[in-house]
Amino acid sequence: MPDAAPRLPVTVLTGYLGSGKTTLLNRILSEAHGRRYAVIVNEFGEVGIDNDLIVDADEEIFEMNNGCICCTVRGDLIRIIAGLMRRSRAFDGIVVETTGLADPVPVAQTFFVDEDVRRKTKLDAIITVADARHLLEQIDRAPEAQEQLAFADVVLVNKVDLLDADGLAIIERRIRNINPYAKIHRTERCAIDLAQILGQDAFNLERILEVEPGFLTEEHEHEHDDGIGSLSLVADRPMKPGRFVSWIQDVTQRFGPDILRMKGIASIEDDDRQFVVQSVHMLIEGGSRRPWKDQEARQTRLVFIGRDLPKELLRQGFEACCA
């Protein structure tokens, strides 16, 4: 007899580096919508940061580090989903947050070409978060940014407070030229009624086949820009507060155009709270947040993703900030 169990809906969160995907994910996990989600997080660097930037939901978070999800999708992603299906703990859905350099096509393919995954899950929607301030440049320079928009069912034009109405209109026209079918929402810090993005049953296979005729049959061949790389920095000693903040500010001013994304959690000398810092190009924000937990290692972990990063110079500056 056929398996009558309902298939678990899957939402794929994508968007270029620094667009705000983790902010949206935190809203999904923390708002009172009455549903439980398992979360699969993918990071480009070998040091995990995003899991610590997600609100406390430890038992629901599954990390995939040191590789782009679209390049390991036939292995790690399928194994994690299979493991979720075997858990006795019930979930109402799965959210997959991709790295900002991921092509969403092979991620979506997984839910159609793997028989076991297709039988137990269904792709509900691909949601693309777009950085309003940097999107036009990203579209011109990064094929991943175009792919993320082309395959989106819903696009959140995020950080709308950084542009005027004319600028936003230009961005939305550019998005429409790439994808005339997606629903577009304007957001600031990804603030949106989650009913507009979850449980939409919005993924349309016929439309995807128009864009990508080989969607169900072709093997994935995604090549990242050879000039883009990551640098992970870890220190067990705390950071000198003034020295660390000055160094971060100097780095973003000097190398900001080539730093696509920087994020990290710092242990600050004589401070029991985590210091979180994030930047996109030359836009930077940071501040203290929750106290360190008793069982946590008070490490400082930073990840830089960018073009032709001055890695040795960054390492030296980072080490000079240690107490």
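What you see is a predicted model, and the numbers here were worked out from it, not measured in a lab. We use all heavy atoms of the structure for the numbers below, so side chains are in, but hydrogens, waters and symmetry mates are not.
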Under 3.5 Å donor-acceptor, [X] side chain and [Y] backbone:
{"X": "Arg36", "Y": "Gly93", "answer": "no"}
{"X": "Lys21", "Y": "Gly15", "answer": "yes"}
{"X": "Asp124", "Y": "Asp201", "answer": "yes"}
{"X": "Asp193", "Y": "Gln196", "answer": "no"}
{"X": "Arg273", "Y": "Pro291", "answer": "no"}
{"X": "Glu137", "Y": "His134", "answer": "no"}
{"X": "Gln200", "Y": "Val154", "answer": "no"}
{"X": "Arg27", "Y": "Leu194", "answer": "no"}
{"X": "Asn158", "Y": "Ser19", "answer": "yes"}
{"X": "Gln148", "Y": "Thr14", "answer": "no"}

Indicate the atoms forming the closest heavy-atom contact of [X] with [Y], along with that distance.
{"X": "Ala182", "Y": "Val155", "answer": "CB-CG2, 4.0 Å"}
{"X": "Arg35", "Y": "Asp92", "answer": "CA-OD2, 3.2 Å"}
{"X": "Ala266", "Y": "Thr300", "answer": "CA-OG1, 3.5 Å"}
{"X": "Phe151", "Y": "Pro104", "answer": "CB-CG, 4.1 Å"}
{"X": "Ile126", "Y": "Ala108", "answer": "CD1-CB, 4.1 Å"}
{"X": "Ala150", "Y": "Asn179", "answer": "O-ND2, 3.2 Å"}

Given Arg186 and Asp161, is the salt bridge (Lys or Arg N to Asp or Glu O under 4.0 Å) satisfied, shown in steps? CA-CA 10 Å; Arg186 297 182 179 183; Asp161 52 311; over 6 Å; no
Side-chain touch [X]/[Y], heavy atoms, less than 4.5 angstrom:
{"X": "Leu156", "Y": "Thr128", "value": "no"}
{"X": "Trp292", "Y": "Ile265", "value": "yes"}
{"X": "Leu233", "Y": "Arg301", "value": "no"}
{"X": "Phe112", "Y": "Leu123", "value": "yes"}
{"X": "Met239", "Y": "Cys322", "value": "yes"}
{"X": "Leu13", "Y": "Val95", "value": "yes"}
{"X": "Thr22", "Y": "Glu97", "value": "yes"}
{"X": "Val303", "Y": "Leu231", "value": "no"}

Quick one: [atom1] on [X] to [atom2] on [Y], what's the gap to the nearest 0.5 Å?
{"X": "Leu314", "Y": "Lys311", "atom1": "CG", "atom2": "NZ", "answer": "10.0 Å"}
{"X": "Ile248", "Y": "Cys321", "atom1": "CD1", "atom2": "SG", "answer": "7.5 Å"}
{"X": "Thr252", "Y": "Gln249", "atom1": "OG1", "atom2": "CD", "answer": "7.0 Å"}
{"X": "Ser279", "Y": "Gln253", "atom1": "OG", "atom2": "CD", "answer": "10.5 Å"}
{"X": "Glu319", "Y": "Trp247", "atom1": "CD", "atom2": "CH2", "answer": "9.5 Å"}
{"X": "Asp116", "Y": "Ile81", "atom1": "CG", "atom2": "CD1", "answer": "10.0 Å"}

Are [X] and [Y] grouped together when hydrophobic residues (ILVMFWY) are joined by side-chain heavy atoms under 4.5 angstrom apart?
{"X": "Val12", "Y": "Ile80", "value": "yes"}
{"X": "Ile184", "Y": "Leu24", "value": "no"}
{"X": "Phe318", "Y": "Met262", "value": "yes"}
{"X": "Val129", "Y": "Leu29", "value": "yes"}
{"X": "Leu135", "Y": "Ile170", "value": "yes"}

Salt-bridge present (Glu296, Arg290; N to O < 4.0 Å):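 The answer is yes: the pair qualifies as a salt bridge.
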Inspect the contact between Asp131 and Lys159 and indicate whether a charged nitrogen and a carboxylate oxygen are less than 4.0 angstrom apart.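 Looking at Lys159 and Asp131, the cut-off is met.
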Just grab all the salt bridge (Lys or Arg N to Asp or Glu O under 4.0 Å) pairs involving residues 237-251, residues at least two apart or on different chains.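 Passing the test, one end in residues 237-251: Lys240-Glu269, Asp250-Arg254.
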Heavy atoms of other groups near Arg189 CZ, more than 12 under 6.0 Å: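 For Arg189, atom CZ is not crowded (no more than 12 foreign heavy atoms under 6.0 Å).
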Do the ring planes of Phe244 and Phe275 sit parallel (below 30°), tilted (30 to 60°) or perpendicular (above 60°)?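 Perpendicular.
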Going by the side-chain contact (heavy atoms from CB on, under 4.5 Å) test, name the single residue among Val10, Leu198, Leu25 that passes it with Tyr37.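 By the side-chain contact (heavy atoms from CB on, under 4.5 Å) criterion, Tyr37 pairs with just one of Val10, Leu198, Leu25: Leu198.
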